[in-house]
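All figures in this text were calculated on a predicted structure; none of them were measured in a lab. Basis for what follows: all heavy atoms, side chains included, without hydrogens, waters or symmetry-related copies.
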Amino acid sequence: MNKQFQNISQQIVDWYKKYGRHELPWRRNITPYKIWISEIMLQQTQVKTVIPYFKNFLKKYPTLRKISQASEDEIMAQWSGLGFYRRARNIFLTKEIIKNDFNNIFPKTYNEILSLPGIGKSTAGAIMSLAYLTPRPILDGNVKRVITRLVNKGIKPIKEKEFWQISEKLLNTKDCFSFTQGIMDLGATICTPTNPTCNQCPLKLNCQSAFKVKIKPKNKKRSIKRLIEMNLQLIHTEKSFLLVKNEEDSIWSRLWIPFNRATMDSYLNRLTHYKNEQISHQLTHRVLDLSINIYKSEKEFKIQTNKKYKWIKKDKIKEYGIPKPINKLMNEL
DNA sequence: TACCCGTGGCG
DNA sequence: TCGCCAAGGGT
């Protein structure tokens, strides 16, 4: 059986060398830093979405040394619009740890890498295999799908522990770079969630599901997504917006957003309320119902609050981490 | 363990 | 239109 796994593993390596996506920006001039940034960006985020963000990020912070001086806000700004903002916060925390505890050199051992915030078993494994060419298994959505089809467990779902065992058995110790990139490329381009192109798959002779992949029936039941209501007051002058840093540990944590009603109540009567925007923002598991009152102020004013707030000039808003719908709204004003 | 965290694309 | 999914991690 192990021989069978090694055979499959080698086929993935050979396939990657011919058909892999070698042109992806994080596969050129590889450094541990670049692999780290790309792996974090790619968590639950499609390659096509990541590419422009990765290029911009690397332009601003090409090395660990360059990012070591960056502020949290500067890093959040680079992340603005990409989503799952805790990842950006964790990049800030991790680069501080590397600066303080690792002499600003990316750590080399698996356990050290795993200890960094935002890096779990799979990302740590990917960094070891891709940056240090030291074989470690990974387990992401692609690998899970490939494994599931390969061994075809049918009705019985594969448990997390067994996924990891199979991923480790498959791992090619001679060329862990090509294998690791290859199994992800295979999942992304051939062994796709719907309509996999089995006739082009290097594993079609080994795969228990080849040419007979079952498509999950759609769940017709309309599941009720939990609603989050936000009532925000967007106040602006001719040249600037009043935003507050959201320190709540929930959605849009550490991004800059308009004030909520309670904080602003005593100031609103002196402003001109001229518009209300109702925005329904779809998240994966939630619906965000935004009610945004828009006010014009003749000039910037101070506010009694312990929150961190700023009047941000219109041409400086790109220097702050701001949620997508808020950014869109401000651009329209 | 199940749930939380964003956004965009796709059928 | 809407549910699902995408190089997951943290709690």
Side-chain angles (χ1 to χ4, degrees), chain A residues 16 20-21 24-27 34-54 76 79-91 93-94 113-127 129-131 136-146 159-161 163-164 167 177 179-189 191-196 215-226 228 230 246 248-255 257 279-288 290 321-328:
Chain A
Y16 175 74
R21 296 176 292 180
L24 294 174
W26 45 89
R27 292 183 181 172
K34 286 169 69 177
I35 295 291
W36 167 49
I37 298 297
S38 70
E39 288 298 326
I40 301 297
M41 283 190 173
L42 287 160
Q43 287 170 0
Q44 297 288 284
T45 311
Q46 292 185 336
V47 166
K48 196 198 288 183
T49 308
V50 166
I51 287 173
Y53 279 88
F54 181 81
M76 297 305 290
W79 214 267
S80 196
L82 190 57
F84 284 139
Y85 296 97
R86 193 169 56 179
R87 296 182 294 176
R89 160 76 170 162
N90 283 334
I91 283 179
L93 293 174
T94 286
I113 293 168
L114 185 61
S115 75
L116 298 168
I119 298 179
K121 282 171 69 180
S122 190
T123 301
I127 294 172
S129 291
L130 302 179
R136 286 275 180 175
I138 61 164
L139 189 58
D140 60 14
N142 289 314
V143 175
K144 279 186 179 176
R145 189 168 53 254
V146 170
K159 288 185 178 171
E160 201 74 3
K161 191 179 173 187
F163 267 130
W164 276 106
S167 178
F177 181 90
F179 170 78
T180 301
Q181 301 285 26
I183 194 166
M184 289 190 285
D185 281 9
L186 195 61
T189 64
C191 195
T192 48
T194 57
N195 305 322
I215 302 302
K216 263 194 289 182
K218 276 192 179 179
N219 190 1
K220 285 184 181 175
K221 259 192 182 174
R222 206 211 213 123
S223 59
I224 299 166
K225 284 189 186 177
R226 216 169 96 199
I228 305 176
M230 291 178 95
N246 179 23
E248 283 178 38
D249 197 14
S250 64
I251 191 169
W252 294 344
S253 185
R254 297 176 196 285
L255 299 190
I257 62 175
I279 301 169
S280 181
H281 188 63
Q282 296 288 328
L283 284 65
T284 304
H285 304 290
R286 309 286 196 90
V287 177
L288 203 53
L290 292 163
I322 294 167
K324 203 79 175 188
I326 303 297
N327 229 331
K328 183 168 181 285

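- Note: CG (A/Leu82) to P (B/dG9) measures 13 Å, nearest angstrom.
- Legend: residues meeting side chain to side chain donor-acceptor pair (under 3.5 Å) with A/Glu39, ordered by chain and number and at least two apart, are absent.
- Of the C1' atoms belonging to B/dA2 and C/dA7, the separation is 23 Å, rounded to the nearest Å.
- Among the protein residues, A/Gly81 comes within range of the sugar-phosphate backbone only, with heavy atoms under 4.0 Å from sugar or phosphate atoms but none that close to a base.
- Checked against side chain to side chain donor-acceptor pair (under 3.5 Å), A/Lys328 has the following partners two or more places apart in sequence or in another chain: A/Glu332.
- Using cut-offs of 30° and 60° for the angle between ring planes, the A/His281 and A/Trp252 rings count as tilted.
- Residue contacts for A/Gln181: at a heavy-atom cut-off of 4.0 Å it reaches a base atom on one of the strands shown.
- Protein atom CD1 of A/Ile257 is 11 Å distant from nucleotide atom P of B/dG6, rounded to whole Å.
- The CD1-P distance, from A/Ile228 to B/dT7, rounds to 11 Å in whole Å.
- Donor-acceptor pairing under 3.5 Å is recorded for the side chains of A/Gln181 and A/Arg27.
- Protein atom CE of A/Met41 is 13 Å distant from nucleotide atom C1' of C/dA7, rounded to whole Å.
- Below the 3.5 angstrom threshold, one finds a donor paired with an acceptor across the side chain of A/Arg21 and the base of C/dA7.
- If you check every strand for non-hydrogen atoms under 4.0 Å, A/Trp79 touches nothing.
- Test A/Leu288, A/Leu255, A/Leu290, A/Ile251 against A/Pro323 for side chain to side chain contact (heavy atoms under 4.5 Å, CB included) and you get one pass: A/Leu255.
- In terms of phosphate contacts, A/Tyr53 brings no side-chain nitrogen or oxygen within less than 4.0 Å of OP1 or OP2 of B/dT7.
- Shown here are the side chain to side chain contact (heavy atoms under 4.5 Å, CB included) partners of A/Ser250, two or more places apart in sequence or in another chain: A/Glu248.
- At the heavy-atom level, A/Val47 lies under 4.0 Å from base atoms of the strands shown.
- The phosphate of C/dA6 (OP1 or OP2) has no side-chain N or O of A/Lys144 nearer than 4.0 angstrom.
- Nucleotide B/dT7 holds its C1' atom 14 Å from the CE atom of A/Met76, rounded to whole Å.
- Between A/Leu283 atom CG and B/dC5 atom C1' the separation is 8 Å, expressed in whole Å.
- As a whole-Å value, the separation of A/Gln282 CD from B/dG6 C1' is 12 Å.
- Regarding contacts with the backbone of B/dG8, a side-chain N or O of A/Lys324 is found under 4.0 angstrom from either OP1 or OP2.
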Could you go through nucleotides 8-11 of chain C and list every protein N or O atom that sits under 3.5 Å from one of its N or O atoms, giving the distance for each pair?
unit_1	atom_1	unit_2	atom_2	d
C/dG8	OP1	A/Gly141	N	3.0
C/dG8	OP2	A/Gln44	N	2.5
C/dG8	OP2	A/Gln44	NE2	3.2
C/dG8	O5'	A/Gln44	N	3.3
C/dG8	O3'	A/Thr123	OG1	3.4
C/dG9	OP1	A/Gly120	N	3.0
C/dG9	OP1	A/Thr123	N	2.9
C/dG9	OP1	A/Thr123	OG1	2.6
C/dG9	N2	A/Arg86	NH2	2.7
C/dG9	N3	A/Arg86	NH2	3.4
C/dG10	OP1	A/Gly118	N	2.7
C/dG10	O4'	A/Arg86	NH2	3.3

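- In this structure, A/Arg226 reaches the B/dC4 phosphate: one of its side-chain N or O atoms is under 4.0 Å from OP1 or OP2.
- Here A/Arg145 lies in heavy-atom contact (under 4.0 Å) with sugar-phosphate atoms only.
- Closest contact between the side chain of A/Asp185 and the listed nucleotides B/dC4, B/dT7, C/dA7 involves C/dA7.
- Closest to the side chain of A/Lys48, out of B/dG9, C/dA7, B/dT7, is B/dG9.
- Remark: P of B/dG6 and CZ of A/Arg89 are 14 Å apart, rounded to the nearest angstrom.
- A gap of 14 Å separates the P atoms of B/dG6 and C/dT11, to the nearest Å.
- Residues meeting the side chain to side chain contact (heavy atoms under 4.5 Å, CB included) test with A/Thr180, sequence neighbours left out: A/Ser129, A/Leu130, A/Ile138, A/Leu171, A/Met184.
- In this structure, the side chain to side chain contact (heavy atoms under 4.5 Å, CB included) partners of A/Leu93, at least two apart in sequence or on a different chain, are A/Arg89, A/Asn90, A/Pro117.
- Across B/dC3 and C/dC4, the matching P atoms stand 14 Å from one another, rounded to whole Å.
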